[in-house]
Amino acid sequence: MFRILPEKRDLEPNPAGQYPILGETLIFDNQYIQERISKAERLREEGINPYPANITKGMPSSEFFKHFAYVKELDADEKKDEAQTVTLTGRIKFIRIMGKAAFAKIEDSDGLVQIYYNRDDLPEGYYNNIAKKLFEVGDIVEATGYPFVTQTGELTLHCKDLKIVSKAIMPLPEKFHGLTDQEIRYRQRYLDMIMNPEVKETFVMRSKIVSLIRRFFEDHGFLEVETPMMHPIPGGANAKPFITHHNALGVDRYLRIAPELYLKRLTVGGMEAVFEINRNFRNEGMDQTHNPEFTSIEFYWAYHNYHDLMKLTEDLFDYIFAELQLPKTLTYGDMEIDFTTPFAKVPFVEALTTIGGVPADVATDREKGIAYLKENGIEVNDNLTLGYVQAELFDEFVEGKLINPTFITDYPIDISPLSRRNDENPEIAERFELFMAGKEIANGFNELNDPLDQFERFKAQADAKEATGDEEAMHMDLDFVRALGHGMTPTAGEGIGIDRLVMMLTNNHSIRDVILFPAMKPEAALEEKPKNACKKCGNTNEEELKPAKKGKGYFCIDAAACAKRAKENKK
RNA sequence: GACCCGUUAGCUCAGUCGGUAGAGCAACUCCCUUUUAAGGAGUGGGCCCUAGGUUCGAAUCCUAGACGGGUCACCA
């Protein structure tokens with residue numbers, strides 16, 4: 001569709017009547033765009049700027065329907081209120097021209113509204129020469145007139161004036177089937193939003209959810225903070241980082257995989273309730289629940305424990321559901337998820353047996369666990385510690401079965417390097433994860449605040465890296481250990497995956513459907529193509545070429561000039 | 001990273017046995033002053049994802065690659 005022709009930038013049509021250039025570098029080389037550009041030019045010739053400034057938004061369509069609902073109730077042959085004058089603005093989505101009159105549907109952020117315009121009620125000649133000929137689906141217009149009701153009972157604006165607000169030179173996808181190509185939907189999200197109203201609804205919903213989460217924590221006395229996105233040591237999670245380079249300092253930096261260690265430094269500094277809503281970056285695979293950049297909230301609450309966090313999390317869900325007026329039971333694919341609080345709480349090892357069906361003796365024995373995993377066709381590293389074996393068992397046999405929101409509590413300590421040990425059972429971390437629809441949504445725990453224990457845990461992670469080649473094991477962060485050395489109040493902290501939460505609440509099953517611009521490979525089509533040449537005369541002037549009607553290759557548009565060149569070539 | 005599926009007009013899609021490109025919508029030229037995916041008549045529009053190969057002949061068969069979707073692995 002686009003080809004790059006950097007040296008050309010005038011807007012004069014070539015001898016074939018084509019407008020090769022728009023903007024500075026792009027050429028629009030298809031008939032629809034050419035047609036639309038020439039319409040924009042014809043508007044200019046008529047003294048109408050196709051891109052006028054200082055247009056104000058008209059009455060929102062929702063207000064139009066509310067405000068003029070009375071017109072429908074009028075007791076008259078023709079239901080209308082000519083005394084009113086109202087202006088609507090929006091993008092044309094449908095046009096139905098019937099000779100000397102036309103209907104169109106225009107869309108603003110609230111939805112569609114119908115307008116009616118005809119030859120006799122617009123200025124002399126305007127309908128035939130401008131409105132009918134030069135306005136088309138995709139254009140944004142401003143319509144002024146009075147409300148009336150059509151024969152089929154639809155409240156409609158009868159136009160006395162119809163102006164262009166912005167001329168679209170790209171055609172919209174087909175009106176009935178719309179846009180279904182996933183690739184275009186993600187790459188050109190704006191088109192997806194124009195053609196698929198539910199997409200806009202999802203992202204409006206996402207915005208509201210984030211806003212409510214923010215308000216909830218502010219109302220509970222939490223302070224929103226921003227910590228670095230570029231870390232000298234990747235920390236706070238087990239994940240592979242993106243690496244970048246800081247020229248001025250001459251050092252590599254890691255895009256953050258989690259804000260945890262910085263937020264806890266703030267707790268040491270005396271901020272007793274903090275939260276951060278922002279992006280994390282992980283250099284890992286992509287699928288329906290993973291995007292390389294994703295959004296989470298992490299919050300840290302001094303003088304509280306993980307039981308308080310679970311209660312706070314339930315309160316947060318209740319708050320979101322109440323504010324959004326969502327029913328407590330939501331459909332998610334073929335699942336029904338019951339969000340009634342309190343959520344179920346099941347200890348980790350108990351979940352292995354009662355939910356996962358793992359025999360009790362296997363659930364607590366490293367060797368038996370490994371054997372059991374192998375029996376079930378799962379590859380495992382023989383050096384795994386009991387906690388890691390249990391984590392494998394959990395992922396395999398439990399996670400997918402947790403449909404209704406469920407807190408899994410009391411995790412093995414060796415897979416919880418940042419959480420506090422339980423005083424009675426030092427093999428257990430005072431930690432929980434929240435699952436729903438078979439997916440992990442949140443992770444929270446009593447923060448480890450013993451600096452020497454923290455140092456040993458980092459060391460154990462480094463050792464695990466040695467032993468099992470775990471690339472995602474944590475790095476030693478001595479500065480963080482030093483911070484803990486100054487004393488951190490007993491604190492509980494939690495992270496919630498915002499993207500996944502939005503998926504659950506909007507019944508979307510791909511993370512790409514809740515991220516406005518999901519990660520995509522570069523698009524080949526936008527790169528410069530090799531020069532095309534006419535098959536007969538070898539002409540490489542792009543604007544004089546057209547593709548062959550059948551088969552491959554290009555030919556000159558101007559056949560006479562082509563023949564002349566071919567002759568000269570023979571000499 | 002592995003496997004499966006897809007890529008044809010601006011969009012949504014057909015394309016039979018390998019015989020040289022089709023529909024609907026959109027566009028263009030007409031008709032039409034209350035339509036609802038408006039309707040009617042006509043016209044134009046294709047590097048069939050790319051590069052090789054087989055063949056007299058490839059959208060179609062084979063190989064490699066690009067991009068997208070899905071499943072698995074990894075992860076949140």
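Chain naming here is simple, since letters A, B, ... match the order of the sequence lines and numbering starts at 1 in each.
Here B/G68 presents its C1' atom at 15 Å from CG of A/Asn291, a figure rounded to the nearest Å. Atom CG of A/Asp287 is separated from atom P of B/G68 by 14 Å (rounded to the nearest Å). Atom CD1 in A/Ile297 sits about 16 Å away from atom C1' in B/A76, given to the nearest Å. In this structure, A/Glu183 atom CD and B/G6 atom P are separated by 16 Å, rounded to whole Å. Taking atom CE on A/Met195 and atom C1' on B/A37, their separation rounds to 11 Å, with Å as the unit. Residue A/Glu284 contributes atom CD, which lies 7 Å from atom P of B/A76 at whole-angstrom precision. When the P atom of B/C11 is taken as reference, atom CG of A/Asp192 falls 14 Å away, rounded to whole Å. Regarding A/Phe432, its CZ atom lies at a distance of 16 Å from the P atom of B/A76, rounded to whole Å.
Annotation: B/A14 and B/G24 have their C1' atoms spaced 11 Å apart (nearest Å). Taking atom C1' in both B/A2 and B/U12, one finds a spacing of 33 Å when rounded to whole Å. Between the C1' atoms of B/U7 and B/U43, the separation comes to 29 Å (whole Å). Only the P atoms considered, B/A21 is 9 Å distant from B/A59, to the nearest whole Å. Nucleotides B/C30 and B/G68, compared at atom C1', are 42 Å apart to the nearest Å. Taking the C1' atoms as reference points, B/G15 lies 9 Å from B/U60, given to the whole Å. Here, B/A58 and B/U16 have their C1' atoms 16 Å apart, quoted to the whole Å. B/C31 and B/A23 are spaced 24 Å apart, taking the C1' atom of each and rounding to whole Å.
Of the candidate nucleotides B/G68, B/G10, B/U33, B/G68 has the atom lying nearest to any side-chain atom of A/Gln182. Here the nucleotide nearest the side chain of A/Gln31, chosen from B/G44, B/A37, B/C74, is B/G44. Of the candidate nucleotides B/A76, B/A27, B/G68, B/A76 has the atom nearest to the side chain of A/Glu440. Side chain of A/Arg187, nearest nucleotide from B/C67, B/C32, B/U34: B/C67.
When heavy atoms are screened at a 4.0 angstrom cut-off, A/Met520 is found touching the sugar-phosphate backbone but no base atom. A/Tyr186 comes within contact range of the sugar-phosphate backbone alone, with a heavy-atom separation under 4.0 Å but no base atom that close. Within 4.0 Å of A/Lys93, counting heavy atoms only, lies no atom of the nucleic acid at all. Among the protein residues, A/Lys105 comes within range of the nucleic acid bases, having at least one heavy atom under 4.0 Å from a base atom. Contacts of A/Arg119 with the nucleic acid, taken as non-hydrogen atoms under 4.0 Å apart, include base atoms. When heavy atoms are screened at a 4.0 angstrom cut-off, A/Arg185 is found touching no nucleic acid atom at all. The residue A/Gln151 sits close to a base: some heavy atom pair falls under 4.0 Å.
Both distances falling under 3.5 Å, in either a Watson-Crick or a G-U wobble arrangement, place B/A2 opposite B/U71. Using the Watson-Crick or G-U wobble rule with both distances under 3.5 Å, B/C47 pairs with nothing in any strand shown. The partner of B/C25 is B/G10, judged by Watson-Crick or G-U wobble contacts that both fall below 3.5 Å. Of the nucleotides present, none pairs with B/U34 by Watson-Crick or G-U wobble criteria with both distances under 3.5 Å. Here B/G57 sits opposite no nucleotide as a Watson-Crick or G-U wobble pair (both hydrogen-bonding atom distances under 3.5 Å).
Residue pairs meeting the salt bridge (Lys or Arg N to Asp or Glu O under 4.0 Å) criterion with at least one partner in residues 397-415 of chain A, sequence neighbours excluded, are absent. Listed by first and then second residue, the side chain to side chain donor-acceptor pair (under 3.5 Å) pairs that reach into residues 494-505 of chain A are A/Arg206-A/Asp499, A/His290-A/Arg500, A/Thr313-A/Glu494, sequence neighbours excluded. Sorted by first then second residue, the salt bridge (Lys or Arg N to Asp or Glu O under 4.0 Å) pairs that include residues 115-136 of chain A, not counting sequence neighbours, are A/Arg36-A/Glu136, A/Lys39-A/Glu136, A/Glu136-A/Lys167.
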Review item, nucleotides 38-41 of chain B N/O atoms under 3.5 Å of protein N/O:
unit_1, atom_1, unit_2, atom_2, d
B/A38, OP1, A/Lys175, NZ, 2.3
B/A38, OP2, A/Arg96, NH1, 2.3
B/A38, N6, A/Ile97, O, 3.0

Restricting both atoms to N or O, compile the protein contacts to nucleotides 12-14 of chain B shorter than 3.5 Å, with distance only.
unit_1, atom_1, unit_2, atom_2, d
B/U12, OP1, A/Thr180, N, 3.2
B/U12, OP1, A/Thr180, OG1, 3.4
B/U12, OP1, A/Asp181, N, 3.0
B/U12, O3', A/Thr180, OG1, 3.4

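The side chain to side chain donor-acceptor pair (under 3.5 Å) search around A/Thr180 returns none, not counting sequence neighbours. For A/Glu174, the side-chain contact (heavy atoms from CB on, under 4.5 Å) partners two or more places apart in sequence, or in a different chain, are A/Phe176, A/His177. Partners of A/Tyr126 according to the ring-ring contact (aromatic ring centres under 6.0 Å, His included) rule, which considers only residues two or more places apart in sequence or in another chain, do not exist here. Taking A/Phe94 as the reference, nothing meets the ring-ring contact (aromatic ring centres under 6.0 Å, His included) condition, with sequence neighbours excluded. For the ring-ring contact (aromatic ring centres under 6.0 Å, His included) test, residues two or more places apart in sequence or in another chain that qualify with A/Phe217 are A/Phe222, A/Phe275, A/Phe299. Take A/Ser166 and apply the side-chain contact (heavy atoms from CB on, under 4.5 Å) test, not counting sequence neighbours, and it matches A/Tyr51, A/Ile140.
Under 3.5 Å, the side chains of A/Gln34 and A/Tyr32 contain no donor-acceptor pair of N or O atoms. For the residue pair A/Asp108/A/Ser61, the side-chain donor-acceptor check at 3.5 Å is satisfied.
Sequence order on RNA chain B of the closest nucleotides to A/Gln288 and A/Lys521 puts A/Lys521 first from the 5' end. Nearest-nucleotide positions on RNA chain B for A/Phe281 and A/Glu35 put A/Glu35 closer to the 5' end.
You can call A/Phe294 stacked on the base of B/A76; the centres are under 5.5 Å apart and the planes sit within 30°. Stacking of A/Tyr32 onto the six-membered ring of B/G10 is not present when judged by under 5.5 angstrom between centres and under 30° between planes.
Here the two rings, on A/Phe343 and A/Phe317, have centers that are under 6.0 Å apart. Separation of the A/His231 and A/Tyr262 ring centroids falls under the 6.0 Å cut-off. Aromatic ring centroids of A/Phe242 and A/Tyr254 lie 6.0 Å or more apart. Two rings, from A/Phe135 and A/Tyr117, have their centers 6.0 Å or more apart.
Taking a 4.0 Å limit (strictly below) on heavy-atom distances, residues 120-135 of chain A reaches RNA chain B at A/Asp120, A/Lys133.
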